[in-house]
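The block underneath contains the structure these notes are about, expressed in structure tokens.
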Amino acid sequence: MNLKGKHFLTTDDWTREELDVVFQRAAELKEQFYKEEPHLHLPWKTLFMIFFEQSTRTRNSMEAGMTQLGGHAHDLTADKMQLSHGESAKDTAIILSRMGHGIASRNCFYGIGKDYLAEMAKHSTKPVMSLQDDIYHPFQGLADLMTIFEKFGTNTKGLKVTVWAYADTHSKPLSVPQTQALLFPRYGIDLTIANPKEFPLSQDIIERAEKNAEVGGGSLNFTNDMDEAFEGAHIVIPKNWGGFGHYSVQDYLDNEDQCKVEMKENLEKYHDWICDRRRINLADKDVKLMHALPADRGHEVTDEVIDDENISVVFDEAENRLHTAKAIMSLTM
Ligand code: CP
């Protein structure tokens with residue numbers, strides 16, 4: 001299967017067969033990494049990474065990954081570039097794709113990020129990869145699923161997974177849970193989205209995720225009760241996201257300051273949405289805790305739970321960001 005040149009903006013643009021090739025490549029690369037065998041799929045190649053926001057896992061999995069594949073990644077931020085003086089996504093993409101072999105960007109501004117990346121992809125002659133936008137976080141979705149395969153096997157039918165928790169760090173994008181909602185049911189997983197009513201996912205994503213579930217054999221369930229979601233769950237992902245889905249994109253952009261105040265007021269009602277020992281005890285006896293990280297310890301999840309090595313697989317999941325990033329880059333660039 002030839003995936004060279006294919007953009008990676010959302011897992012929804014990739015078929016099951018294509019994604020299975022990615023997981024196969026990621027597993028091979030992980031083995032080679034552990035054996036310290038060279039795996040120079042991209043000698044001398046250049047990836048340009050443009051971050052509009054902070055990142056630990058994404059930045060370092062991509063940059064380390066490029067080095068390990070024999071190439072190099074430029075770690076760029078918008079303030080280092082003429083983007084900060086208004087140079088367009090189109091011109092930036094044309095120019096960088098003439099100088100290197102791939103472009104990757106994180107732009108999570110609500111109502112802007114996904115379209116910004118799509119504009120780059122339209123004009124780039126080299127693959128464009130999303131390092132997270134306002135709607136999707138495809139690399140995180142791959143690492144999540146790879147971790148699930150490792151812990152539960154590739155027959156994921158009937159696995160029950162559940163998400164949402166309180167956090168007070170910042171209004172996290174919808175992109176992680178939305179990617180999970182789109183991707184997990186394609187692999188037969190039963191996903192329960194538990195969230196307070198003011199923190200829904202976007203309706204159009206839910207509709208697409210339901211179609212994906214029909215095809216993939218998984219299911220999507222919704223509840224406003226965190227305890228109910230934990231009951232019998234095999235995987236819990238206590239992950240906060242902001243209340244963006246409560247508004248239409250246009251309403252949010254037109255009334256951004258007011259929406260932010262409302263989102264904060266709504267959030268304060270849900271301090272008790274935490275993954276603690278009591279809730280873990282509601283789940284399956286072999287339950288695993290996953291989280292894209294950074295975790296808001298003491299709010300999303302207690303230290304006792306996230307540090308429990310019998311339950312928590314968050315660091316395996318973070319490491320798999322490296323192997324899945326290398327798989328996508330080595331196949332597309
Ligand atoms: N999970 C994730 O995307 O982490 P970073 O924000 O640190 O890249």
Side-chain angles (χ1 to χ4, degrees), residues 8-11 22 26 30 47-68 73-80 102-110 112-114 116-117 128-148 150-151 161 163-165 167-184 201 205 235-242 244 275 288-297 299-301 306 312-329:
F8 186 58
L9 301 180
T10 162
T11 53
V22 174
K30 185 167 184 172
L47 174 72
F48 298 104
M49 304 189 298
I50 308 168
F51 283 91
F52 288 81
E53 286 95 7
Q54 300 82 349
S55 165
T56 296
R57 280 141 290 269
T58 307
R59 168 177 276 121
N60 291 297
S61 59
M62 299 293 286
E63 185 163 348
M66 275 304 289
T67 303
Q68 292 164 24
H74 290 211
D75 180 6
L76 303 164
T77 50
D79 63 296
K80 282 185 191 162
I103 299 173
S105 183
R106 168 174 286 191
N107 184 333
C108 296
F109 296 112
Y110 191 61
I112 295 170
K114 170 179 75 67
Y116 191 90
L117 280 156
V128 173
M129 295 161 241
S130 170
L131 302 178
Q132 186 176 21
D133 59 41
D134 52 332
I135 309 298
Y136 306 117
H137 196 353
F139 278 113
Q140 186 63 49
L142 292 184
D144 291 346
L145 203 45
M146 182 176 183
T147 309
I148 291 172
E150 288 174 346
K151 304 300 171 191
V161 179
V163 286
W164 202 87
D168 78 346
T169 49
H170 63 295
S171 284
K172 301 185 190 190
L174 297 169
S175 45
V176 169
Q178 292 194 156
T179 296
Q180 292 163 344
L182 289 166
L183 182 60
F184 289 0
L201 302 186
I205 295 290
I235 299 169
V236 291
I237 311 179
K239 163 90 176 75
N240 179 261
W241 60 85
F244 303 102
C275 176
K288 298 293 175 219
L289 172 90
M290 293 179 63
H291 194 296
L293 303 180
D296 191 345
R297 284 169 174 258
H299 289 121
E300 289 175 318
V301 56
I306 199 170
S312 177
V313 297
V314 298
F315 299 119
D316 298 323
E317 183 183 358
E319 182 197 315
N320 283 337
R321 292 294 309 273
L322 174 71
H323 310 302
T324 46
K326 286 164 70 178
I328 290 287
M329 292 189 289

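Side-chain atoms are counted along with the backbone in the values below, which use heavy atoms only and exclude waters and symmetry mates. As the structure lists them, so they are numbered: ligands from 1, and atoms in each ligand from 1. For this chain, numbers begin at 1 and follow the sequence in order.
- By the criterion of a heavy-atom distance under 4.0 Å, neither the backbone nor the side chain of Leu131 is placed next to ligand 1.
- Screening residues 130-145 for salt bridge (charged side-chain N to carboxylate O under 4.0 Å, His left out) gives no qualifying pairs among residues at least two apart or on separate chains.
- Using a 3.5 Å distance cut-off with no hydrogens or angles, the side chains of Thr147 and Asp316 do not pair a donor with an acceptor.
- In this structure, Glu53 has no heavy atom closer than 4.0 Å to ligand 1.
- In summary, the atoms of ligand 1 found under 4.0 Å from a heavy atom of Leu293, numbered by their order in the structure, are 1 (N), 2 (C), 4 (O).
- With hydrogens left out, the protein atom closest to atom 6 (O) of ligand 1 is Arg106 NH1, 2.9 Å, a heavy atom.
- Side-chain contact between Ile148 and Met290 is present, with at least one heavy-atom pair separated by less than 4.5 Å.
- Shown are Thr324, Leu183, Val176; of these, the side chain to side chain contact (heavy atoms under 4.5 Å, CB included) with Gln140 is made only by Val176.
- Scanning the protein heavy atoms around atom 4 (O) of ligand 1, the nearest turns out to be Arg57 NE, 2.9 Å.
- Atoms of ligand 1 lying under 4.0 Å from at least one heavy atom of Arg321, given by number and element, are 1 (N), 2 (C), 3 (O).
- A donor and an acceptor atom, one from each side chain of Asn107 and Lys114, are nowhere located under 3.5 Å apart.
- Protein heavy atom in closest approach to atom 7 (O) of ligand 1: Thr56 N, 2.7 Å.
- Taking every non-hydrogen atom of Ala292 and a distance limit under 4.0 Å, the qualifying atoms of ligand 1 come out as 1 (N).
- Taking the side chain as every heavy atom from C-beta outward, Leu174 and Ile135 never approach each other to under 4.5 Å.
- No hydrogens or angles considered: a donor-acceptor pair under 3.5 Å links the side chains of His291 and Glu300.
- Nearest-residue assignment for atom 3 (O) of ligand 1 (options Arg59, His291, His137, Met62; heavy-atom criterion): His137.
- Where the criterion is an N or O separation shorter than 3.5 Å, residue side chain and backbone included, Gln54 fails it with respect to ligand 1.
- Ion pair Glu53/Arg59 not flagged as a salt bridge, since none of the NZ, NE, NH1 or NH2 atoms sits closer than 4.0 Å to an Asp/Glu carboxylate oxygen.
- Residue Pro294 places no N or O, backbone or side chain, under 3.5 Å from any N or O of ligand 1.
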